[in-house]
Amino acid sequence: MRKYITRRLLMLIPVILGVTFIVFSIMYMTPGDPAQMILGESAPESAVKALREKMGLNDPFIVQYGRFVKNAIMGDFGRSYATKKEVFAEIFARFPATLQLASVGVLVAVLIGVPVGIISATKQYSLFDSVAMLLALLGVSMPNFWQGLMYILLFSVTLGWLPSGGYGSFKHFILPALTLGTSTAAVIARMTRSSMLEVIRQDYIRTARAKGVEEKKVILKHALKNALIPIITVVGLQFGHLLGGAVLTETVYSWPGIGRLLVDAIKQKDTPMVQATVVFIAVTFSIVNLAVDILYAYVDPRIKSQYK
Amino acid sequence: MNEKLLDIKNLTIHYITDDGVVKAVNGIDIELNKGETLGLVGETGAGKTTTALGIMRLVPNPPGKILSGEITFEGKDLLKLPEGEMRKIRGNKISMIFQDPMTSLNPVMTVGEQLAEVIQIHEGLSNEEAIEKAKKMLEMVGIPGERHTDYPHQFSGGMKQRVVIAIALACNPQLLIADEPTTALDVTIQAQVLDLMKRLKEEFNTAMILITHDLGVVAEVCDKVAIMYAGEIVESASLEDLFEKPKHPYTLGLFGSIPNLEEEVERLNPIKGLMPDPTNLPSGCPFHPRCPKAKDICKIQVPKTTDLGNGHKVRCLIYEGLVEA
Amino acid sequence: MANVANLQTADVKKTKKRSMWVEVARRMAKNKMAMVGLGIIVVLVLLALFADVIAPYEEVVIKQNLSMRLKGPSAEHWLGTDEFGRDIFARIIHGARVSLKVGIVAVGISIFIGGSLGAIAAYYGGKVDNLIMRFMDILLAVPSILLAIAIVSALGSSLFNLMLAIGISSVPSYARIVRASVLSIKDQEFIEAARAIGANDFIIITRHIIPNALAPVIVQGTLGVAGAILSTAGLSFIGLGIQPPAPEWGSMLAGGRAYLREAWHVTTFPGLVIMITILALNLLGDGLRDALDPKLKQ
Ligand SMILES: Nc1ncnc2c1ncn2[C@@H]1O[C@H](COP(=O)(O)OP(=O)(O)OP(=O)(O)O)[C@@H](O)[C@H]1O
Ligand SMILES: [Mg+2]
């Protein structure tokens, strides 16, 4: 198992390197002169030229990329063009907000989605099932940012219960978490239901019943554990995406997370910030994926025996 | 020895599906004494598994529904028992071994856990005691006890079937229903597993319903035989009577030209024509479209059960004197 | 002689395929929810096609009329007017044009690029496969909406760039699907038979392999159009997609956002339309999946 994890971590290196290359190329193609941007529109031509030279912007692409990677390995992604601060410090300052939102959102989603999915599957075609699955379908069809706007319309504008955006108190937290939680819950409920339905008709479930196991235990002990792999997969995927910045939700609620940091940086053509944020997100995302793969082994012994 | 254990009367089970009502089991009667073994034989789709599930009250619902009948087991009608009582019987007094050992075990639980679970439910042992007993059961079916921490995928098919047998016998049941326990295994292992079952059954004096396609297996293991066709038992008798004096044209067809105990009997495939569509059974005797002796009356009149003495029963108009043999 | 026999299996395979599609259509027709989805999409497509007839673009959709600002729904303006006094219904149906176009073209791009890469990877295997799929892993390490954002920001936000960005960002999923289904059929007899009668790689891929990988791609594609429409709306909402004054559902939401207090209808209706569209596509996609793979359905 340890060997497997090590190998997977090593495999991350080329992936992250690839990500840096893609991001670097994309930003390289982006029109606009960084030197000009740092110095401002009114800076004299000669100063801009000097800065370009100093920053190495006249070097060939590959040289610039090499330098970027070298610095990145040292943990130096440069300074933001806009704020002049170290980009990594900025990212770490913003990450907690994103992490909080993602964790609570996913937690809420699992707590709602998994039980609803299980009940729906065990009572297939019942009224509960139909209503729950209709709601879930609406949930996955609703754009997050619109859902956010509608919550604001209801809870802030009309009822005046909660703030429409910002960060700080628990009250600020509720609507963004609700927005992410409900739509993620919908995805999880749908997956849980279909996975449980698949498992419930397996022979070993009948064996469990034939042993005299209580129905509740048949579902929660025998069936659920077998249904878990696809559920863990979507939960991991959703969590990874949320950690990568729920860009739109963060925008709607003026939530100071990674997602908004990235969008702002893109709009300001703040190249170092964009590069660092995307690399950071890719690393987080890959680590979540790895964690999910490791979790598989704990759920399914057949997978564990493949991880050598 | 001659104490009655199971008495099924007029059991009818249908599956209600989008494509019509599947008449899987249509008013069958089965009697079984303590320690006795009954072979339930019939082509695929005859309703054998459904009958077994009916006894366990595990017919999947929907679509399946037990429409009528009585299943008297140790004096109680199982069909009238509350679910909680029925649960106490399953795995304890009545156990079932399912058709396919490959898929019968839970892939994410160790075989020890799966064995210990049934023991714990019915014998109220502690965790450790149950595991100890589970190990003993594994050894009894010829698997080293220390392998109780293994998962099913680490076992071969034959070993899995042994585990399934161990689970079924763990609580020393009065009745064991074995649904084609060996068809999924290869030939050498088939014989081993069958021997094992025979030995254990004798050791514990367990009654058994052995479902099979294989008359050879029946000859080897059973005391009585019931032949099933399209959801009905068309003939039932003691092993000797059935093999030496088969009466029903379908049974005769099954034996083909080898109605002999000593000779090897191949798998059933002897009769021309196909099983009728169970959503649309023929009128009269359900076997008449394939029956070499059928007369016009067979299309109209439903045969009753004729008792030929010595427990030999047959459902055919010939024995009601309505058709010539 | 052996070849002749193999060719016959190839033919059998073909007729089987055709009746399979008939069967799929029959199953689809029986699925009420899928038909509801299809109905909604047909209506939407018709509205988009005849948008100019229903509401002239320049006069109604673009031209501002400040005296009519933020008016609620009325007989004249069914869904009210926006912050520039433009009719929201008209903008929504012209927006449908944009959304459907982006959705379909973007998915077309993903299928074309992803499908080719996946087919090539599976067909040639070995190093080629490894190279392509590792590249897909890299793309997958960045959440697709972020990838789309980055690409649009580099290329600039024109309609075509938007389609390209959204298309590229979901290339890996199609590459994986197509690769998997090609792998599952490439060693089958009828492919060997085609090769035996001298068909070249191109013919084998286009005639035999692609049709066989079609079912999962169609399902994913339908759901993909929904995803692409959502991405378009999202990108436009944060100002990186379709630029005003062109009507687009996401940017209509962004525009109305500042007026939540005084004019709820400006943000409510476009969002509702997005939801209905996505819902319809999801219903259709689910229906297609069930129809194409009856095993999955109980
Ligand atoms: N869950 C179900 N839903 C609908 N029909 C069913 C179901 N289970 C069984 N049937 C039908 O009931 C009939 C009897 O099936 P059963 O499984 O009892 O046959 P069997 O005698 O055990 O056959 P085999 O030898 O193949 O195991 C068959 O026609 C079968 O198609
Ligand atoms: Mg059976």
Interchain contact, A/L138 with chain C, by part (heavy-atom threshold 4.5 Å): both

Side chain, backbone, both or neither of C/L283 within contact of chain A (heavy atoms, under 4.5 Å): side chain

Part of A/I22 lying under 4.5 Å from any heavy atom of chain C: side chain

Flag if over 12 foreign heavy atoms under 6.0 Å of NZ, C/K30: no

Separation of C/I238 CD1 from A/R260 CZ (nearest 0.5 Å): 11.5 Å

Region of C/A226 in contact with chain A, defined by heavy-atom distances below 4.5 Å: neither

Residues C/V142, A/I281; criterion side-chain contact (heavy atoms from CB on, under 4.5 Å); working and verdict: CA-CA 7 Å; C/V142 184; A/I281 288 170; 5.6 Å; no

Segment of A/M142 engaging chain C (4.5 angstrom heavy-atom cut-off): both

Residue pair A/L248 / C/F237: nearest heavy atoms and the distance that separates them: CD2-CD2, 4.2 Å

Contact summary for A/I266 and C/S153, nearest pair of heavy atoms: CG2-CB, 3.1 Å

Top contributor to chain A contacts, counting heavy-atom pairs under 4.5 Å, from C/L230, C/L253, C/I229: C/L253

Options A/I16, A/V157, A/V23, A/T284, ranked by heavy-atom pairs under 4.5 Å with chain C, top entry: A/V157

Shortest non-hydrogen contact between A/P143 and C/I274, atoms and distance: CG-CG2, 3.5 Å

Considering all heavy atoms, the nearest A/I26-C/A150 contact: CG2-O, 3.4 Å

Euclidean distance, A/R190 CZ relative to C/N282 CG, rounded to 0.5 Å: 6.0 Å

Test item: A/W146 side-chain N/O and C/T267 main-chain N/O as donor-acceptor pair under 3.5 Å: yes

Neighbour count above 12 (heavy atom, 6.0 Å) for C/R134 CZ: yes

Proximal component of A/T251, with respect to chain C [non-hydrogen, under 4.5 Å]: both

For A/F285 against C/P143, the heavy-atom pair lying closest together: CD2-CD, 4.3 Å

CG on A/L149 to OG1 on C/T268, rounded to 0.5 Å: 9.0 Å

Portion of A/V278 that has a non-hydrogen atom of chain C nearer than 4.5 angstrom: side chain

Residue C/M35 excluded, over 12 heavy atoms near CE under 6.0 Å: yes

Between CE on residue C/M275 and CE on residue A/M150, distance to nearest 0.5 Å: 10.5 Å

Residue A/V263 versus chain C: region with a heavy atom under 4.5 Å: side chain

Which atom of A/L153 lies closest to which atom of C/W264, heavy atoms considered: CD2-CB, 3.7 Å

Separation of C/L260 CG from A/L154 CG (nearest 0.5 Å): 11.5 Å

Region of A/L262 that comes under 4.5 Å of a non-hydrogen atom in chain C: side chain

Part of A/V252 within contact of chain C (heavy atom distance under 4.5 Å): both

Neighbour count >12 (heavy atoms, 6.0 Å) for atom CZ, A/F95: yes

Heavy atoms of other groups near C/R97 CZ, more than 12 under 6.0 Å: yes

Contact leader toward chain C among A/V15, A/T158, A/T277, A/L237, where contacts are heavy-atom pairs under 4.5 Å: A/V15

